[in-house]
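Take a look at the structure set out below.
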Amino acid sequence: MKRWLGYAKPYIPYFILGPICMVMEVIGEVLMPLMLGNMINDLTAATATQNIDTAKWMPVVLTLTAGMIMTALLMMLSGVGGAYFGAKASVNYATDLRADLYKKVQRFSFSNVDHFSTGSLVTRMTNDVTQIQNFINMMMRMALRSPGMFIGALIMSVVTNPRLSIIFAVTLPLLIIIMATIIRISFPRFSAMQKKIDALNSDVQENVTNVRVVKSFVRENHEREKFGTANKNLKQAGLSAMRVMIFVSPVISFFTYATTLSIYWFGANQVVDDTLAVEEISMAVGKLSTFVTYSTQILMSLMMMSMVFVMFSRALASGKRIAQVLDEKIDITDISADSALDVKEGDIEFKNVTFRYHKGSEDAVLDNINLKIKAGSTVGIVGSTGCGKTTLVSMIPRLYDVDGGEVLVDGENVKNYSLYNLRESVGMVLQNNVLFSGTIEENLRWGDENADDETVKAAAVVAQADKFVSLFHDGYQTVLDQGGTNVSGGQKQRLCIARALLKKPKILILDDSTSAVDTATEMMIRRSFREELAGSTKIIIAQRISSVIDADEIIVMNDGKITGVGTHSELLANNTEYQEIYYSQNEKEGAADGENS
C-alpha cells in the first residue's frame with residue numbers, strides 16, 4: 001500500500017480537491033429531493049383548497065425554485081471539477097507508474113528479462129497501467145460520492161418516513177451479498193484475461209518482427225491459425241469475465257424496481273389507512289415522492305459502489321502483475337562499484353569461472369573457465385553450437401554474472417566497475433543484430449550521440465558499410481523500418497559493427513557478426529580492424545575458421561569447457577576438435593569448388 005500511495009503523493013492537491021468537489025455534489029443531491037418534496041407539499045396544499053392564496057404560497061415556491069436552481073448549478077460545477085481533478089490525478093499517477101516500470105525493465109539483466117515474455121512486459125506497461133488509471137479515475141469520482149450519497153439518502157429517508165425505511169433492511173443486505181459474490185467470482189477471471197492479453201501480444205510481436213521469415217517459409221496460414229487461437233482464447237477469457245459482470249446491471253435494476261414498487265405499495269396504503277385530512281394527505285404525497293427519490297439514490301449509489309469494486313478487482317489483478325515487475329530483484333547492480341574506475345587497457349582474465357542459467361541445474365553452461373586475453377590482441381573463439389561461446393563473452397560487460405570465480409578487466413573484478421563505465425568501454429555486436437526505427441545516422445549515433453558526420457562515416461567505412469549506404473537515395477538519412485527489415489542481413493551486420501566502432505571501445509566483441517557477409521568483405525573488415533583498432537582488444541566468435549585464422553590466439557570450446565588455446569597452426573597440429581572443424585569446412589568448400597568447376 002505504501003508503494004501505491006507514494007505515486008499519489010506528488011499530486012495530493014488533485015487527490016484532495018477532487019473528493020471535495022464530489023462531496024459538494026453529494027450535498028446537492030441529498031438536498032434536492034427535500035426541496036422538491038417541500039415544493040410538492042406547498043403546491044398540492046394550495047390547490048387542494050377552494051380558496052387559493054397566491055400571495056401566500058408563491059414566494060415560498062419561488063424561493064424553493066431559486067434554491068433548486070442554485071443547487072443544480074453548484075452540483076454541475078462540482079461535478080465538472082471532480083471529473084477534472086480525477087482525470088489529472090489518474091493520468092499523472094499512471095504516467096509516473098509507467099515511467100518507473102520502464103526504468104525498472106531497463107535495469108533488468110538478461111536473466112531478469114528471461115523471467116518475463118516481451119509481450120507480457122508490454123501488456124503490463126500499457127494495459128495493466130491503464131486499468132490502474134481507470135480505477136483511480138473512477139475512485140476519485142465515486143469513492144466519496146457513492147458512500148456519501150448512500151449514507152445521506154439513507155438518513156434522509158429514515159427522517160422522512162421511518163416506517164417505510166424498514167424496506168431497506170430487507171433489500172440492501174440481499175443486494176450487498178449478491179454484489180460481493182459477483183465481484184469475488186470475477187476477480188480470478190480478470191487475472192486470466194490479462195494473461196491471455198500477454199499471449200496475444202507476444203504472438204503479434206513475434207510475427208511482425210519476423211515477418212520475412214514467415215513469408216520465406218510460406219507460414220502465413222500457420223501464423224494466422226496461431227493468432228486465431230490466441231485471439232479466441234482471449235475472447236473466451238473476456239467472455240468468461242463479462243458473463244459474471246453482465247449480472248450487475250440487471251440485479252441493480254431488479255432491486256431498484258422492486259424497492260420502488262414496495263415503497264409505492266406500502267406508502268399508498270399507509271396514506272389511505274391513516275385517513276388523513278386533505279392538508280395531511282398533501283404532505284404525505286410530498287414525503288412519499290421525496291422518499292422514492294432517496295430510495296433511488298440509495299440503490300444507485302450501491303450500483304456505483306459495485307462498479308468501483310468491479311474496477312478494483314481488475315485493478316488489483318493488474319496491480320499484482322505490475323508489482324511482480326517492480327519487485328523483481330535486479331541480480332546485476334553496481335551499488336558498491338567505484339564510479340571513478342575506468343577501463344584503461346582492455347586486458348581480460350577469467351578465473352575459475354562457472355555459470356548456470358538455471359541455478360539448480362547440475363550441468364554448467366561454463367565449467368571452470370581459466371583464460372587470459374592480452375590487451376590489444378585479436379582473439380577468435382570457435383566451437384560447436386551451444387558450447388557457451390556467447391555466454392562466455394557476455395560475462396565481460398556483465399550481461400550475466402558468474403556463479404563462481406571472477407572475471408577481471410585490467411586486473412579489476414568487473415563488479416568493481418560501474419555498469420556505465422564498464423559497458424561504455426565494451427563494444428558488442430550480438431548474434432541477433434538489431435536496428436531501430438529511424439535513420440541510418442540515428443542508429444549509428446547510438447555508439448556516440450555527439451559524433452560528427454565525418455566520424456560517423458569513418459566508422460561506416462571501417463565496417464565496410466559506407467559503400468552500400470552511399471548508394472541509397474537519402475544516404476545516411478535513409479529511414480530504417482522497425483528492426484531494420486528494409487536492409488539485407490549482411491548490411492544490417494555491417495551497420496551494427498559501425499555502431500559499435502563509434503564507441504571507440506577498449507574491448508570489441510563480435511559474436512558471429514559477419515556470418516551474412518561475403519568472404520571478401522569480411523577480409524576487408526578484419527584488415528580495417530587491424531589498422532584502425534590496433535589498441536583495442538578484439539574478440540571474434542565465429543563458425544568459420546577463415547574468420548579467425550589470422551587471430552593472435554584462437555580459443556576452442558566444447559560443452560562449456562576450453563579444450564584448446566593457440567594459433568591456427570598450433571591448433572591444427574595438436575587439437576583434435578579444431579582439426580575436425582577445419583577439415584570439415586575445407587571439405588565442404590572443396591566439394592563446392594568441384595561442383596562449380
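Numbering of residues begins at 1 and proceeds along the displayed sequence.
Inter-residue side-chain proximity for Tyr476 and Asp453 is flagged as unmet; no heavy-atom pair is nearer than 4.5 Å. Looking at heavy atoms from C-beta onward, Leu399 lies in side-chain contact with Met428 at the 4.5 angstrom threshold. By the 4.5 Å heavy-atom criterion applied to side chains, Ile136 and Tyr7 are not counted as neighbours. You'll find the side chain of Arg398 reaches within 4.5 Å of the side chain of Lys415, heavy atoms only. Considering only heavy atoms from C-beta on, Lys372 stays 4.5 Å or farther from Asp347 through its side chain. Proximity of Leu408 to Lys351: side-chain heavy atoms (C-beta onward) are separated by under 4.5 Å at one or more points. Residues Lys232 and Gln236 form a side-chain contact, since some pair of their non-hydrogen atoms from C-beta on lies under 4.5 Å apart. At least one side-chain heavy atom of Asn233 sits under 4.5 Å from a side-chain heavy atom of Thr229.
Within 6.0 Å of NZ in Lys196 there are 12 or fewer heavy atoms belonging to other residues, nucleotides or ligands. The local environment of CG in Asp452 is crowded, with over 12 non-hydrogen atoms from other residues, nucleotides or ligands closer than 6.0 Å. The neighbour count for Glu449 CD, taken as heavy atoms of other residues, nucleotides or ligands under 6.0 Å away, does not exceed 12. For Tyr14, the OH atom counts as loosely surrounded, since its 6.0 Å shell holds 12 or fewer non-hydrogen atoms of other residues, nucleotides or ligands.
For the residue pair Asn127 and Thr130, no side-chain donor N or O sits within less than 3.5 Å of a side-chain acceptor on the partner. Side-chain N/O atoms of Asn416 and Asp338 include no donor and acceptor closer than 3.5 Å.
Using a distance-only test at 3.5 Å, with no hydrogens or angles considered, a donor-acceptor pair links the side chain of Arg494 to the main chain of Gly490. Here the side chain of Thr354 pairs no donor or acceptor atom with the backbone of Asp403 at under 3.5 angstrom. Side-chain atoms of Asn486 come within 3.5 Å of backbone atoms of Val479 as a donor-acceptor pair (strictly under, hydrogens ignored). Looking only at distances, a side-chain donor or acceptor of Asn421 sits under 3.5 Å from a matching main-chain atom of Ser339. Ser384 places no side-chain N or O within donor-acceptor distance of the main-chain N or O of Cys387, the cut-off being under 3.5 Å. The main-chain N or O of Leu533 is found under 3.5 Å from a side-chain atom of Lys538 such that the two form a donor-acceptor pair. Using modelled atom types, one side-chain atom of Tyr93 and one backbone atom of Trp4 make a donor-acceptor pair closer than 3.5 Å. Panel note: side chain Asp334, backbone Leu419; a donor-acceptor pair is recorded below 3.5 Å. One N or O on the side chain of Thr537 and one on the backbone of Gly346 form a donor-acceptor pair closer than 3.5 Å. In terms of modelled atom types and a separation under 3.5 Å, the side chain of Asn92 and the main chain of Lys88 share a donor-acceptor contact.
With values rounded to the nearest 0.5 angstrom, Leu366 atom CG is found 5.0 Å from Met395 atom CE. The CZ atom of Arg189 sits 11.0 Å away from the CG atom of Leu239 when rounded to the nearest 0.5 Å. From His222, atom NE2 reaches atom CZ of Arg224 across 12.0 Å, with rounding to the nearest 0.5 Å. We find the CD1-CG distance between Ile541 and Leu392 to be 7.5 Å, quoted to the nearest 0.5 Å. From Gln491, atom CD reaches atom CD of Gln493 across 11.0 Å, with rounding to the nearest 0.5 Å. Once rounded to the nearest 0.5 Å, the distance linking CD1 of Ile525 with CD1 of Ile497 reads 4.5 Å.
Residues forming a ring pair (Phe, Tyr, Trp, His ring centres under 6.0 Å) with Phe135 (at least two apart in sequence, or on another chain): Phe312.
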(request) Determine, stepwise, if the pair Leu495 / Asn443 fulfils side-chain contact (heavy atoms from CB on, under 4.5 Å). (result) CA-CA 8 Å; Leu495 289 174; Asn443 271 271; over 6 Å; no
(request) Could you give me the CA-CA distance, side-chain angles and deciding distance for Val105 and Phe116, then say whether side-chain contact (heavy atoms from CB on, under 4.5 Å) is met? (result) CA-CA 10 Å; Val105 171; Phe116 304 91; over 6 Å; no
(request) For side-chain contact (heavy atoms from CB on, under 4.5 Å), just list the numbers for Lys492 and Leu480, CA-CA rounded to whole Å, side-chain angles, deciding distance to a tenth of an Å, and then say yes or no. (result) CA-CA 10 Å; Lys492 187 187 298 185; Leu480 298 175; over 6 Å; no
(request) Check step by step if side-chain contact (heavy atoms from CB on, under 4.5 Å) holds for Arg499 and Leu435. (result) CA-CA 10 Å; Arg499 181 175 62 190; Leu435 295 172; 3.9 Å; yes
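Here the closest non-hydrogen pair linking Ile562 and Met557 is CG1-CG, 4.3 Å. Taking every heavy atom of both residues into account, Gly383 and Lys389 meet most closely at O-NZ, 3.3 Å. Between Ile373 and Ile539 the shortest heavy-atom distance is CD1-CD1, 3.9 Å. Contact record, Ala230 with Leu200: CB-CD1, 3.9 Å, taken as the closest heavy-atom pair. In this structure, Ala542 and Ser547 approach most closely via the heavy-atom pair CB-CB, 3.6 Å. Across all their heavy atoms, Ile396 and Val407 have their closest contact at CA-CG1, 4.5 Å.
Screening Lys320, Arg321, Arg98 against Asp128 for a salt bridge (charged side-chain N to carboxylate O under 4.0 Å, His left out) leaves a single residue, Arg321. Looking at Val402, Asp367, Asn370 one by one, the single match for side chain to side chain contact (heavy atoms under 4.5 Å, CB included) with Val353 turns out to be Val402.
Ring geometry for Tyr400 versus Phe355: interplanar angle of 30 to 60°, hence tilted.
Screening residues 402-437 for ring-ring contact (aromatic ring centres under 6.0 Å, His included), with sequence neighbours left out, gives Phe436-Trp446.
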